[in-house]
Protein chains: 4
Amino acid sequence: MGTVTPYGYSESPMVGYAKNRDVVLARLKRIEGQVRGIARMVEQDRYCIDVLDQLSAATRALQAVALELLNDHLANCVADAVKEGPSAGNEKLREASAAIARLVKS
Amino acid sequence: MGTVTPYGYSESPMVGYAKNRDVVLARLKRIEGQVRGIARMVEQDRYCIDVLDQLSAATRALQAVALELLNDHLANCVADAVKEGPSAGNEKLREASAAIARLVKS
Amino acid sequence: MGTVTPYGYSESPMVGYAKNRDVVLARLKRIEGQVRGIARMVEQDRYCIDVLDQLSAATRALQAVALELLNDHLANCVADAVKEGPSAGNEKLREASAAIARLVKS
Amino acid sequence: MGTVTPYGYSESPMVGYAKNRDVVLARLKRIEGQVRGIARMVEQDRYCIDVLDQLSAATRALQAVALELLNDHLANCVADAVKEGPSAGNEKLREASAAIARLVKS
């Protein structure tokens, strides 16, 4: 996101995962490889149950990244907004709750 | 899997998704692209909630592929084993149940 | 469901959980008690996180019953229909797939 | 939880769901009835798929209560701790993250 500062776009003060960006990126690269590997298994006519197990593993890996990002978001963006005041805090809390609900249902 | 026939490996009689292979592959390619897109969002410091929403979407897409493969597996591999006899049928049913449990928990 | 026989409704030949009925009932009674216990925790103003943990436990217990019923259904109702013929088998398989999808998404 | 005040235990300042207690209790009573209704369905040999659908509905209802409690917890207990200071805030955030993870996996 970044906000416009006198020096142009800042270093993304609203990005909760700033400190974990490299870890998150490494995990996403790994999941991308997992999904590519699953496609290869399908091309090779690998047994359904083996493909399903890899799909379950990739799903869990995606959820783990989502939980990591959510924690970073709560600990940074939401916590900052809460300290700023009730109006900013409540808006961020509502937004986070909606994202948690989508995550639980996905 | 495939079984050895006089002509070499057969057209994978035990692969339940044989008829849907192209559809499944197309979906997996799309999910691979989604995951790459999420990595790009992280590189661009996109807002946490927007990244989380894309992670939820990719998770749901992976689960949809898993459900598709599972249906194909039940309708082909498991149904064939059930028709073959109780021993083959029960083994495939146990295996499918375990895969369903992993899917529900992932 | 039960089917009409010369003697009236039969002992539910289409109920896959017939042999496990007592186990399933015992588990459901236990979950009913868990939910009542959670209500009591709320009445006693117990800490949110402790209540949440019990909600997660009850949710997992409900899913375990659902997986048990689903296995029984596949091993009995669906397997019987598959042996009966493609028309009966395919209808039951479609129905089971839809139930699995609802379970994965719940 | 409640804290000791000159008048004894206070009205549970650390219970995030204080304002929603009646709504939460009404929902839990309803879910308790749903689970009892499912047991009755099993006693009546109702069709597996119908029982499974009610199990999915009860599971979703439990998750909805959990999401409600979690939102209340974030908006009250966690927000208060964040305003109190980094040490209190971080502890509550860690605890909430662990509860969210258990919820996503349940």
Side-chain angles (χ1 to χ4, degrees), chain C residues 1-2 9 11-12 14-18 20-22 24-29 31-36 38-53 55-60 62-63 65-66 69-70 72-74 76-78 92 95-96 98-100 102-106, chain D residues 1-2 9 11-12 14-18 20-22 24-29 31-36 38-53 55-60 62-63 65-67 69-70 72-74 76-78 92 95-96 98-100 102-103 105-106:
Chain C
M1 279 314 199
Y9 278 83
E11 288 182 54
S12 309
M14 284 310 285
V15 172
Y17 54 83
N20 282 323
R21 193 192 287 112
D22 291 347
V24 168
L25 277 174
R27 287 217 218 168
L28 286 169
K29 284 288 154 199
I31 296 170
E32 195 194 319
Q34 272 183 287
V35 176
R36 197 162 36 236
I38 296 170
R40 227 168 4 239
M41 290 176 82
V42 169
E43 283 168 346
Q44 297 167 350
D45 288 327
R46 294 278 295 278
Y47 184 45
C48 316
I49 295 290
D50 296 334
V51 181
L52 278 170
D53 283 352
L55 283 167
S56 291
T59 301
R60 277 194 301 274
L62 273 180
Q63 285 178 333
V65 172
L69 282 184
L70 182 66
D72 290 341
H73 180 64
L74 291 174
N76 295 291
C77 314
V78 176
K92 285 284 177 218
E95 192 185 51
I100 294 170
R102 281 190 293 273
L103 201 59
V104 168
K105 283 162 191 164
S106 75
Chain D
M1 279 316 195
Y9 276 84
E11 289 182 52
S12 310
M14 283 310 286
V15 172
Y17 53 82
N20 282 323
R21 193 193 286 111
D22 291 347
V24 168
L25 277 175
R27 287 217 219 168
L28 286 169
K29 284 288 155 197
I31 296 169
E32 195 194 320
Q34 271 182 288
V35 176
R36 196 161 38 234
I38 297 169
R40 224 164 12 235
M41 290 176 82
V42 169
E43 283 168 344
Q44 296 167 350
D45 288 328
R46 293 279 295 279
Y47 185 45
C48 318
I49 296 290
D50 296 334
V51 181
L52 278 170
D53 283 351
L55 283 167
S56 291
T59 302
R60 278 194 301 273
L62 273 180
Q63 285 178 333
V65 172
L67 287 170
L69 282 184
L70 182 66
D72 290 341
H73 181 64
L74 291 174
N76 294 291
C77 315
V78 177
K92 285 284 178 218
E95 192 186 50
I100 293 169
R102 281 192 293 272
L103 202 58
K105 282 162 193 164
S106 77

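Chain A is the first sequence line, chain B the second, and so forth, proteins listed ahead of strands; every chain is numbered from 1. Only a predicted model underlies this, so the values are computations on that prediction, with no experimental measurement involved.
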When the 4.5 angstrom heavy-atom criterion is applied to C:Val65 and chain D, the contacting part is both

Under the criterion side-chain contact (heavy atoms from CB on, under 4.5 Å), which of C:Leu55, C:Ile31, C:Val35 is the partner of D:Ile31? C:Val35

Find the one option among D:Leu69, D:Asp22, D:Leu28 whose heavy-atom pairs under 4.5 Å with chain C are most numerous. D:Leu28

When rounded to the nearest 0.5 angstrom, what is the spacing between CG in D:Leu52 and CD in C:Glu95? 10.0 Å

Might you point out which heavy atoms bring D:Met41 and C:Tyr17 nearest each other, and give the distance in Å? O-OH, 3.7 Å

State the CD-CG distance between D:Gln63 and C:Leu62, to the nearest 0.5 angstrom. 10.0 Å

Among D:Arg102, D:Arg60, D:Gln34, the residue with the most heavy-atom pairs under 4.5 Å to chain C is D:Arg102

To the nearest 0.5 Å, what is the distance between CD1 (C:Ile49) and NZ (D:Lys92)? 7.5 Å

What's the shortest heavy-atom distance between D:Ser106 and C:Ser56, and which atoms? CB-O, 3.8 Å

Roughly how far, to the nearest 0.5 Å, is CG of C:Leu103 from OG1 of D:Thr59? 7.5 Å

Can you name the one residue among D:Val51, D:Asp45, D:Val42 that meets side-chain contact (heavy atoms from CB on, under 4.5 Å) with C:Val15? D:Asp45

On a heavy-atom basis, the closest approach of D:Cys48 and C:Cys77 is SG-SG, 3.7 Å

Quick one: of D:Ala57, D:Ala99, D:Ala98, D:Ala66, who has the most non-hydrogen atom pairs under 4.5 Å with chain C? D:Ala66

